[in-house]
Amino acid sequence: MKKLFRFLILSAFLLGSVSMQAAGTFTVGSKTFLLNGEPFIVKAAEVHYPRIPRPYWEHRIKMCKALGMNSVCIYIFWNIHEQKEGEFNFTDNNDVAEFCRIAQKNGMYVIVRPGPYVCAEWEMGGLPWWLLKKKDIKLRERDPYFMERVKIFEKKVGEQLRPLTIQNGGPIIMMQVENEYGSYGEDKPYVSEIRDCLRSIYGKELALFQCDWSSNFEKNGLDDLTWTMNFGTGANIDEQFRRLGEVRPDAPKMCSEFWSGWFDKWGAQHEIRPAKDMVEGMDEMLSKGISFSLYMTHGGTSFGHWAGANSPGFAPDVTSYDYDAPINEWGLPTAKFWELRKMMQKYSDKKLPSVPKPPMPIITIPKFELKEFSSIFNGFDGMGSSIQKEGGLKTFEEMDLGWGTMCYFTTLPEISEPSVISADFHDFAQIFINGKYIGKIDRVKNEKSLTLPPVKKGDELEILVEAMGRINFGRAIKDFKGIVSEVTLTATIDHIETTWKPQGWIKVALPDSYEKAADAFVHNFDYTKPEKEGQRLGKKPQWNADGLDLVSKRGYYRGYFNLKKVGDTFLNFETWGKGQVWVNGHALGRIWSIGPQQTLYVPGCWLKKGQNEVIVLDIVGPEQAVTWGQAEPELNKLQLEKTGKHNNPGDKPDLNSKSPVIEGEFKAGNGWQKVLFKSGTKKGRYLAIEVQSTWANDAVAIAEFYVLGGEQERISREPWTVKYATSEEDNGNHLGDKVFDLQESTYWQTVKGTDLPHLLVIDLGSEQQVRGIEYLPRAEQGAPGSIKNFRAFVY
Ligand code: GLA
Ligand code: CA
């Protein structure tokens with residue numbers, strides 16, 4: 001009696017304001033699910049509570065209900081609840097039990113997919129990074145340590161959710177065992193162990209299911225679990241369930257992920273899927289009594305560093321998880337929503353609930369500057385960073401760093417020729433010598449090496465490596481960050497190829513927390529002024545004032561905006577390089593100039609009247625440190641060529657080994673000039689023009705440039721790219737590609753005061769017959785920068 005009383009008190013406490021509901025049942029009948037014994041079609045809306053700010057949870061649930069859904073389907077992301085081994089957090093935005101109670105209050109059932117692995121375009125598919133501290137761990141297998149941690153985690157989730165199963169009067173009707181294991185391997189004993197773990201926590205009455213593709217569900221399908229299929233809009237639905245019908249003719253059918261849209265990756269177009277295909281597919285399923293979960297019904301946002309990455313290859317996901325879902329990233333109904341609602345009404349005997357008003361208005365914010373700057377080195381030197389001054393290379397995981405950036409330093413031997421540096425850099429590496437930027441190595445582009453200029457003994461090599469999300473799909477989820485192989489430098493000297501493996505690395509780990517970002521402004525030292533002695537890793541900077549690319553614009557920027565009224569908005573970061581953003585201490589997510597996402601969603605519930613703070617960590621550096629709040633997001637603006645100065649030393653041709661097709665002198669003054677090669681046509685893919693002198697001894701400029709083919713015709717410039725330029729003045733955006741942008745008012749211009757000769761190399765896209773060139777100097781009076789002596793090469 002006493003025990004029962006205690007149980008009731010405890011349950012009442014756990015259920016919070018919601019009154020105790022009667023216990024119910026959810027079971028699998030013949031060709032249908034049974035809710036309290038009655039046939040029931042699951043119409044579930046997939047939403048992820050960590051992708052929605054908590055104050056908006058109820059609104060989003062009501063939106064799903066207004067679509068005619070009777071359930072919400074959620075994943076549990078292990079890594080957001082156990083960010084440090086053994087430290088669990090189920091409060092605030094992580095309060096999954098409260099999310100379920102809000103669903104129940106609104107008359108919605110809940111399907112829970114507690115992993116341990118979930119995929120979901122979420123960092124490491126939901127697995128905690130710290131598992132990788134055990135280097136040889138086998139993930140998603142019966143590795144003793146992995147299984148031990150899984151069971152501890154599932155038990156903790158159970159403490160939250162067990163009181164909320166339908167059998168205990170809560171809204172949870174079903175739970176998923178693992179996630180699409182067929183796309184990972186074949187291992188029934190492992191999947192069985194996950195099943196048994198859930199059974200031991202939730203009891204044998206709770207309905208358990210597996211989800212997979214129709215092509216591979218049998219590989220791991222357990223006899224006593226329900227099998228459901230995942231497929232996207234446009235799929236042939238009968239075909240998707242054909243095999244299941246053969247092996248289990250009496251089983252209910254359910255599409256546990258019907259993909260409404262798709263996710264976006266950095267560097268690729270925004271994804272869209274037609275509303276018609278989605279609505280028709282769901283209509284067909286409902287007409288055939290097939291249950292479903294619409295993935296995603298509302299995608300939301302992968303705030304902070306939580307977006308994952310896909311493989312094969314390395315394709316990190318953008319911050320927005322809009323997914324082209326019926327309810328958009330910021331909670332509003334889309335055209336898809338209205339079409340879906342209309343169709344869903346047909347399958348409901350009651351009028352669907354009205355569409356709730358959004359919790360906040362949309363606001364705009366005028367453009368403002370982020371005026372405070374603190375070098376990335378202030379991050380290295382201040383609190384929270386760990387520094388190791390000796391030994392070999394280490395990964396993030398070995399440095400106990402989950403997310404952020406690491407800088408690796410070492411001193412070089414004398415290498416009198418250009419050398420090639422190679423390693424596996426995860427994920428975005430920038431290479432510097434004595435603080436001067438040499439180039440980047442981008443895992444997204446499958447890059448692994450870069451050519452360095454000749455170096456002197458004692459020159460310092462600095463490698464700044466930023467991690468993006470860990471891979472969330474396939475075997476590649478074991479995705480260590482930082483420099484994950486040895487580093488080699490290879491050069492050919494006197495015809496002999498020599499390889500160096502630099503040793504003695506200093507390693508600095510820079511976490512990407514807000515606390516760290518704010519702290520950088522407390523210890524704000526100006527590293528661009530060498531006369532001021534700094535703390536730089538305990539040493540004084542040894543670099544020249546003009547060689548400080550590493551510290552002069554890479555770092556933290558802080559600014560403020562004032563509000564009279566709060567609301568949702570989209571901060572624009574298209575003038576920035578690459579990094580992360582915090583508003584009033586909330587991590588908004590990653591930015592990257594290449595797009596397609598150029599704005600970040602700022603929920604109004606994280607803003608306040610009066611002054612609001614924005615901090616950006618830009619590891620590349622902005623063109624302009626400004627932002628503004630827009631009323632709509634920009635999710636589809638690729639700026640792939642934008643960041644690019646074309647000064648990768650590896651792309652510089654060796655002109656000594658080539659003979660020019662022409663050597664000559666252009667006339668002074670404005671207007672087009674044309675020169676033909678005396679020797680006739682020359683075949684080649686690249687055209688290099690070397691400027692040896694200008695008429696006014698000023699910075700070189702070219703407004704427009706053509707290459708003439710065999711018949712002296714201007715060949716198409718469509719496929720052209722700039723392969724290399726010795727110098728490009730990028731403040732005013734005077735990059736090399738301005739010579740073929742069809743605009744006579746835009747031009748390539750070298751940085752003032754840099755030494756001649758200057759070189760511009762154009763990649764013509766494919767091999768061409770070249771007969772001559774045409775050149776247009778700047779249009780202004782006196783043709784500033786106009787070329788006098790030049791040489792051209794075709795190769
Ligand atoms: C699979 C996974 C989901 C998600 C989708 C794609 O179905 O189970 O977690 O990754 O792919 O969005
Ligand atoms: Ca131009």
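All of these numbers come straight from a predicted model, not from anything done at the bench. Both ligands and their constituent atoms are indexed starting at 1 by order of listing.
Applying the side chain to side chain donor-acceptor pair (under 3.5 Å) criterion to Tyr724, with sequence neighbours excluded, gives no partner residue.
Checking Ala703 against the Ca ion (ligand 2), an N/O/S atom falls under the 3.0 Å cut-off. For the Ca ion (ligand 2), the set of nearby N, O or S atoms under 3.0 Å includes none belonging to Phe740.
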Would Asp324 and Ser260 count as a side-chain contact (heavy atoms from CB on, under 4.5 Å) here? Give the steps.
CA-CA 7 Å; Asp324 193 29; Ser260 60; over 6 Å; no
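Using cut-offs of 30° and 60° on the angle between ring planes, the pair Phe99 and Trp57 is perpendicular.
Residues Ile327 and His298 come closest through the heavy atom pair O-ND1, 3.4 Å.
For residues 292-309, the set of pairs meeting the salt bridge (Lys or Arg N to Asp or Glu O under 4.0 Å) definition, not counting sequence neighbours, is empty. Annotation: salt bridge (Lys or Arg N to Asp or Glu O under 4.0 Å) contacts involving residues 110-131, sequence neighbours excluded, comprise Glu46-Arg113, Arg113-Glu257, Glu123-Arg470.
Between Glu141 and Arg475 there is a salt bridge, with a side-chain nitrogen of the basic residue lying less than 4.0 Å from a carboxylate oxygen of the acidic one.
Contact residues of ligand 1 (protein heavy atom closer than 4.0 angstrom to a ligand atom; sorted by chain and number): Tyr75, Val118, Cys119, Ala120, Glu121, Asn179, Glu180, Asn230, Glu257, Trp259, Trp262, Phe263, Tyr295, Tyr321, Tyr323.
The angle subtended at the Ca ion (ligand 2) by OE2 of Glu704 and O of Lys738 is 90°, given to the nearest 10°.
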